[in-house]
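Have a look at the structure below, then the notes.
Letters A, B, ... mirror the listed sequences (proteins, then strands); counts begin at 1.
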Protein chains: 2
Amino acid sequence: MAVTIRDVAREARVSVASVSRALNGSPAVTDETRQRIASIAARLRYVPHSAARSLITKRTQTVGALLPDLYGEFFSELIRGIDLAARSKGLHLLVSSSHGDTNEAAAALRAMQGRVDGMLILSPHVDAAFLRANLPEAVPAVLLNSALKGAQHDVLNIDNYGGAYAMTRHLLDAGHASVAFIGGPEDNFDAQQRERGYREAMAAFAPKAAVKVATGDFGEESGYRAGRAFAKSADRPRAVFAANDMMAVGCLRAFAESGLRVPDDVALAGFDDIPIARYVTPSLTTVHVRIADLGRSALERLATAIEKPGRALHGAAPMLACEVVVRASSGGKTSGRTTAKRA
Amino acid sequence: MAVTIRDVAREARVSVASVSRALNGSPAVTDETRQRIASIAARLRYVPHSAARSLITKRTQTVGALLPDLYGEFFSELIRGIDLAARSKGLHLLVSSSHGDTNEAAAALRAMQGRVDGMLILSPHVDAAFLRANLPEAVPAVLLNSALKGAQHDVLNIDNYGGAYAMTRHLLDAGHASVAFIGGPEDNFDAQQRERGYREAMAAFAPKAAVKVATGDFGEESGYRAGRAFAKSADRPRAVFAANDMMAVGCLRAFAESGLRVPDDVALAGFDDIPIARYVTPSLTTVHVRIADLGRSALERLATAIEKPGRALHGAAPMLACEVVVRASSGGKTSGRTTAKRA
DNA sequence: AACTCCGATGAAAACGTTTACATTCCGCCG
DNA sequence: CGGCGGAATGTAAACGTTTTCATCGGAGTT
């Protein structure tokens, strides 16, 4: 830190302007002097003072990520994707996670003011009003997995609908005549989309079958309760599709306790492909989401939004495809991975 | 961003100095003017330009976290602990993760130059030479889980030794006469400590029993191989302690294939308490590490190192205690959690 | 040979703060 | 009533860059 651009200039017997130009690759400097300056800078271990630089350029080369209190695998995969993409774009990553409520998120968002060139926001707490109040319109933002519609902000979603649609279809294709669903929290965007996917696939491929939906909250316990209810019910479904893996795991436990064999008596599927899915018995058929890809493309969109500020948003909010991962719990014949297609 | 301290000053009919003082809580300003300035600043949505501020104060209010390519649960818990502590200290968090090798880590470390007031470093790739070459001695750093000894840097470790010691003792206490061990990668610091804990506990509590160690690499597959070998061996151990949970899971699979019942025929334990541990059958007895606590206290140490630069390092590297979590796989009578004590 | 033009370099302003130092104002003491 | 001290406020320098504009040579043109 002690060594500044002046030190380099003095040593190289040029002005600070030349040093700046040489180091920033301006064409208006001889190759010869550029060489000399570069080698001297290296020898002196000169590192440009980033604060001074951002003061004048109004760029921080940093993007912020605002995340809610997030579950293990999802969080780390997302950050990995973001981080990798950020590095390749020469951007730094400022994270602020574990926001329990709207106020915390707002505080975090404001605290990042001026420290970042753009924001990646994934949070159930944000809505249009929140953004208007806390996000200066000058700073570009990409919203992840948000229900927000207005063309005000750039949005990137997981194709929950398509994944659920494809999974429902898979279960029907495997020969299970009736497929029931365990839903997630009512106010959860992902959960809504998944349920819609289930309902529409049922309507499309098994119009005569009953649509049966149990309520859950994404917790294992709620899956367990739903599983017990299904096990006892008079017209027990031939397959159960839980809106996430944790509920599927709970459901599996309920079936085991009720003496039902999976998948022989009843098939089962989840959503998310958490690591546990592979290790339960029988292994769980589920929908895999390439979370790291979500992070990567979110960052890439943000980067272009930063580079070309005026640009209109690129049409409709794009969807990140999901894959059906067929394991033991769904029975039937096929096995392996297939990418979910939109209907 | 458009509104600067001058705007506030003009509006309040005072000098920029007074605004600065008022907003930074200097005592040399009347309560009345402070009020007025504060309200005007709020009305104008004035946010101090952090780059300008750090330029003059030489503080960024940011700490960097350098992490290797890290597995899900551990990563997210660690970041959560760090993030929470950072927020309560008013510090921002710049992360750079997913470093595969030394060069990447070095590049990342250098890129953070001047953007952070201190660094949290968790990486198998760092050693004394690495730090000397890439970390200016002016920036405080806390090393996590590092074998580094020199009092040069502040170090914070997980008590792998104590955890392994306690687990070995637990298995012996549960009545298993012989306990075998599946080790991790030879060059892995955690793995070494765990093996040492196992060996010393055996020496202390079962001096007559044979010490049996299989080699593994922390991967599930290597646990499976070790499990098969143990299952076939003439003097099959009564209990197996794997140096991490993934290997324990692999081992469990091997036992199941060999027709061995766990824990009746052979007890099993792991280390880490990954989420899967709860869901395998039987549920896995393991050692739980409070990773978020590790992150939190690392950040707190770093924060004090930043505040009081001259301070000597606080004596020996402290250890973060582990807990033995007793589940079904270890058999015996006791059940629940006990905090591991050092020998 | 004088002029023009262009490419390389330098001088200095600007970015938005904080803070050392100067100034002002007021009450108080002698 | 004059001077003094101290509290409140103002002025301006400093932080380390980037960038505009000016300057300086030298080559090419007439």
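For A:Glu11 and A:Arg43, the salt-bridge test passes: some basic side-chain N is under 4.0 Å from an acidic carboxylate O. Looking at A:Glu300 and A:Lys89, no side-chain N of the basic residue comes within less than 4.0 Å of a carboxylate O on the acidic one, giving no salt bridge. A salt bridge between A:Arg87 and B:Glu104 is present, with a side-chain N of the basic residue lying under 4.0 Å from a carboxylate O of the acidic one. By the 4.0 Å N-to-carboxylate-O rule, A:Asp117 lies too far from A:Lys58 to be salt-bridged with it. Salt bridge annotation for A:Asp293-A:Arg296: present, with a cationic side-chain nitrogen under 4.0 angstrom from a carboxylate oxygen. Under 4.0 Å is where a charged nitrogen must lie from a carboxylate oxygen, and between A:Glu137 and A:Arg132 no such pair does.
Atom C1' of nucleotide D:dA12 and atom CD1 of B:Ile56 are separated by 11 Å, given to the nearest angstrom. One interatomic measurement links the two molecules: CZ of B:Arg115 to P of D:dT17, which rounds to 13 Å at whole-angstrom precision. B:Leu55 places its CG atom 17 Å from the P atom of C:dA14, with the value rounded to the nearest Å. Across the protein-nucleic acid pair, B:Lys58 atom NZ and D:dT17 atom C1' stand 12 Å apart, rounded to whole Å. In this entry the distance linking CD of B:Gln113 with C1' of D:dG16 reads 16 Å, nearest Å. Atom-to-atom, NE2 of B:His49 to P of C:dA14 comes out at 17 Å; the value is rounded to the nearest Å. D:dA14 atom P lies 11 Å from atom CZ of A:Arg6, rounded to whole Å. For the pair A:Gln61 CD and D:dT18 C1', the computed distance is 13 Å after rounding to whole Å.
In this structure, the nucleotide among C:dC15, D:dT11, C:dT17 sitting nearest to the side chain of B:Ile5 is C:dT17. Closest to the side chain of A:Ser18, out of D:dT17, D:dA12, C:dT9, is C:dT9. Side-chain proximity of A:Arg53 to the nucleotides C:dT18, C:dT17, D:dT17 is greatest for D:dT17.
Between A:Ser20 and D:dT17 there is no side-chain N or O to OP1 or OP2 distance below 4.0 Å.
In terms of heavy atoms, A:Leu122 sits closest to A:Phe74 at CD2-CE2, 3.8 Å. Residues B:Ala65 and B:Met119 come closest through the heavy atom pair N-CE, 4.3 Å.
Separation of atoms CG (A:Leu94) and CZ (A:Arg115) is listed at 7.5 Å; rounding is to 0.5 Å.
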What N/O pairs connect the protein and nucleotides 5-8 of chain D at under 3.5 Å? Give each pair on its own line.
unit_1 : atom_1 : unit_2  : atom_2 : d
D:dA8  : O3'    : B:Thr30 : OG1    : 3.2

What string of B, S and - do you get for nucleotides 20-27 of chain C, 5' to 3', if B is base contact, S is sugar-phosphate-only contact and - is no contact with any protein heavy atom under 4.0 Å?
B-------

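Judged by closest nucleotide on DNA chain C, A:Ser15 is the one of A:Ala52 and A:Ser15 placed further toward the 5' end.
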